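Worksheet: one structure, shown below.
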Amino acid sequence: MDREHELLALAVSIAREAATLARAMRAAGVDPVATKSTLTDVVTAADRAVERQVREAIHAARPGDAVLGEEFGTDSGAGKGVRWILDPIDGTVNYLYDLPQYAVSLAAEVDGTVVAGVVINAATGKEWTAVLGGGAFANGRRLSGSVQTDLRQALVGTGFGYAADRRLHQAAVLAGLIGEIRDVRRLGAAAIDLCLAAEGSLDAYYEKGLNTWDHAAGGLVAAEAGLLVTGLSGAPVGPDMVVAAPPALHKGLHDRLVELGADKGP
Ligand code: LIP
């Protein structure tokens with residue numbers, strides 16, 4: 001087995017355990033334990049417990065590796081080569097409200113390139129995986145994205161930030177776009193949104209304000225399904241913008257988002 005598939009196998013086994021813990025803690029009842037960037041940016045005991053469990057599992061299996069996680073930041077490990085990028089519960093607000101759209105997202109990065117990734121919807125158990133150059137799969141079925149070529153008929157996923165001024169800007173961008181697409185879906189978890197675009201359940205997805213842990217694994221799944229996963233105006237994916245769409249839709253959506261200043265504002 002090559003290294004990428006070894007890293008994926010480890011990521012999948014660790015993420016499955018993490019999803020089991022998240023589900024069990026959800027069943028036991030969930031309360032916010034703190035807020036982060038704004039009053040609505042909550043963290044639960046489960047976010048932290050899942051992250052601790054994943055870190056311990058990674059360090060037990062690969063003591064030299066580094067981990068970047070949403071809740072506890074970066075631990076350099078011995079910093080030799082592999083860095084794991086973790087969102088213990090992506091879609092925390094959905095998790096808080098018991099909306100079945102939240103995921104464990106875990107990616108392995110080698111020398112700055114994501115080479116393996118898994119996203120597991122912890123509520124449904126649905127699993128998306130990808131290896132760089134090895135394709136993307138949903139529950140073992142190979143993915144190839146949407147066949148839609150007309151933006152006016154595209155079902156587009158997007159999201160909104162935790163800061164009110166950011167949401168107002170994002171809403172203004174959406175107001176400029178909504179009359180030119182089929183419809184929008186705001187499902188609440190970027191990692192899952194990217195995977196839904198990879199399987200064609202969304203025709204495209206874009207969002208401003210994502211962190212690396214929100215898109216590392218899902219972005220690889222989307223790219224390995226044949227989507228273009230970029231920022232705007234030649235920029236790479238990042239906090240300013242993540243756009244994921246099949247080549248036939250990407251230019252139209254990209255150019256419209258540039259016109260609307262989607263990567264600008266607060
Ligand atoms: C969430 C993202 C979502 C975005 C939310 C939030 P979290 O991540 O997955 O796409 O719209 O504002 O950033 O906070 O649940 O890990």
Side-chain angles (χ1 to χ4, degrees), residues 15 18-19 22 25-26 30-51 54 67-73 84-107 117-123 126 128 156-174 177 184-198 201-202 204-222 229 231 237-244 257 262-263 265-266:
M25 293 186 76
R26 179 51 263 181
V30 172
D31 291 309
V33 292
T35 59
K36 300 189 283 186
S37 61
T38 71
L39 273 182
T40 57
D41 182 4
V42 296
V43 58
T44 70
D47 292 274
R48 292 174 174 172
V50 169
E51 181 154 333
V54 171
V67 178
L68 165 64
E70 175 170 4
E71 304 313 334
F72 303 124
W84 296 85
I85 303 172
L86 168 69
D87 193 333
I89 300 180
D90 187 39
T92 298
V93 173
N94 286 345
Y95 186 77
L96 186 64
Y97 284 80
D98 204 8
L99 295 169
Q101 198 76 9
Y102 46 86
V104 176
S105 174
L106 184 59
V118 57
V119 174
I120 302 180
N121 181 324
K126 186 157 187 182
W128 295 271
V156 178
T158 193
F160 301 86
Y162 288 116
D165 57 355
R166 162 90 35 94
R167 287 198 298 279
L168 289 168
H169 172 76
Q170 291 167 315
V173 168
L174 184 55
L177 184 68
V184 69
R185 289 293 178 271
R186 198 292 191 246
L187 300 171
I192 297 179
D193 292 341
L194 285 159
C195 293
L196 293 175
S201 298
L202 292 171
Y205 165 77
Y206 76 92
E207 187 163 354
K208 174 184 171 69
L210 296 180
N211 296 290
T212 306
W213 47 77
D214 294 315
H215 61 76
L220 181 68
V221 172
V229 185
V237 291
D240 286 342
M241 186 52 67
V242 172
V243 186
L257 290 171
D263 59 340

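Keep in mind the model is a prediction, meaning the values are calculated, not measured. Counting starts at 1 for both ligands and their atoms, following the listed order. Throughout, residue positions are numbered sequentially from 1 according to the sequence presented.
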[X] vs [Y] side-chain heavy atoms within contact, under 4.5 Å:
| X | Y | answer |
| --- | --- | --- |
| V229 | V243 | no |
| L196 | W128 | yes |
| Y205 | I192 | no |
| P32 | L96 | yes |
| L86 | E70 | no |
| L202 | R185 | yes |

Given D47 and T44, is the side-chain hydrogen bond (donor to acceptor under 3.5 Å, both in side chains) satisfied, shown in steps?
-> CA-CA 5 Å; D47 292 274; T44 70; 2.6 Å; yes
Evaluate [X] for polar contact with ligand 1, using N/O atom pairs at a separation under 3.5 Å.
| X | result |
| --- | --- |
| D90 | yes |
| D41 | no |
| V93 | no |
| F160 | yes |
| A190 | yes |

Just jot down the ligand 1 atoms closer than 4.0 angstrom to any heavy atom of E70, in number order.
->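 Reading through ligand 1 atom by atom, the close ones are 14 (O), 16 (O).
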Residue D214 vicinity, atoms of ligand 1 by number, heavy atom under 4.0 Å =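 Those of ligand 1 that fall under 4.0 Å from D214 are 8 (O), 16 (O).
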Using a heavy-atom cut-off of under 4.0 Å, does the side chain or the backbone of [X] touch ligand 1, or both, or neither?
| X | answer |
| --- | --- |
| D87 | side chain |
| T92 | both |
| R186 | side chain |

What protein heavy atom sits nearest atom 11 (O) of ligand 1, and how far off is it?
->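 Checked against all protein heavy atoms, atom 11 (O) of ligand 1 sits closest to E207 OE2, 2.6 Å.
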Nearest to atom 14 (O) of ligand 1, what protein heavy atom do you find, and at what distance?
->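 Answer, as residue, atom name and distance: Y162 OH, 2.7 Å.
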For V119 and G218, which heavy atoms make the closest approach, and how far apart are they?
->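 Closest pair (atom of V119, atom of G218, distance): CG2-N, 3.9 Å.
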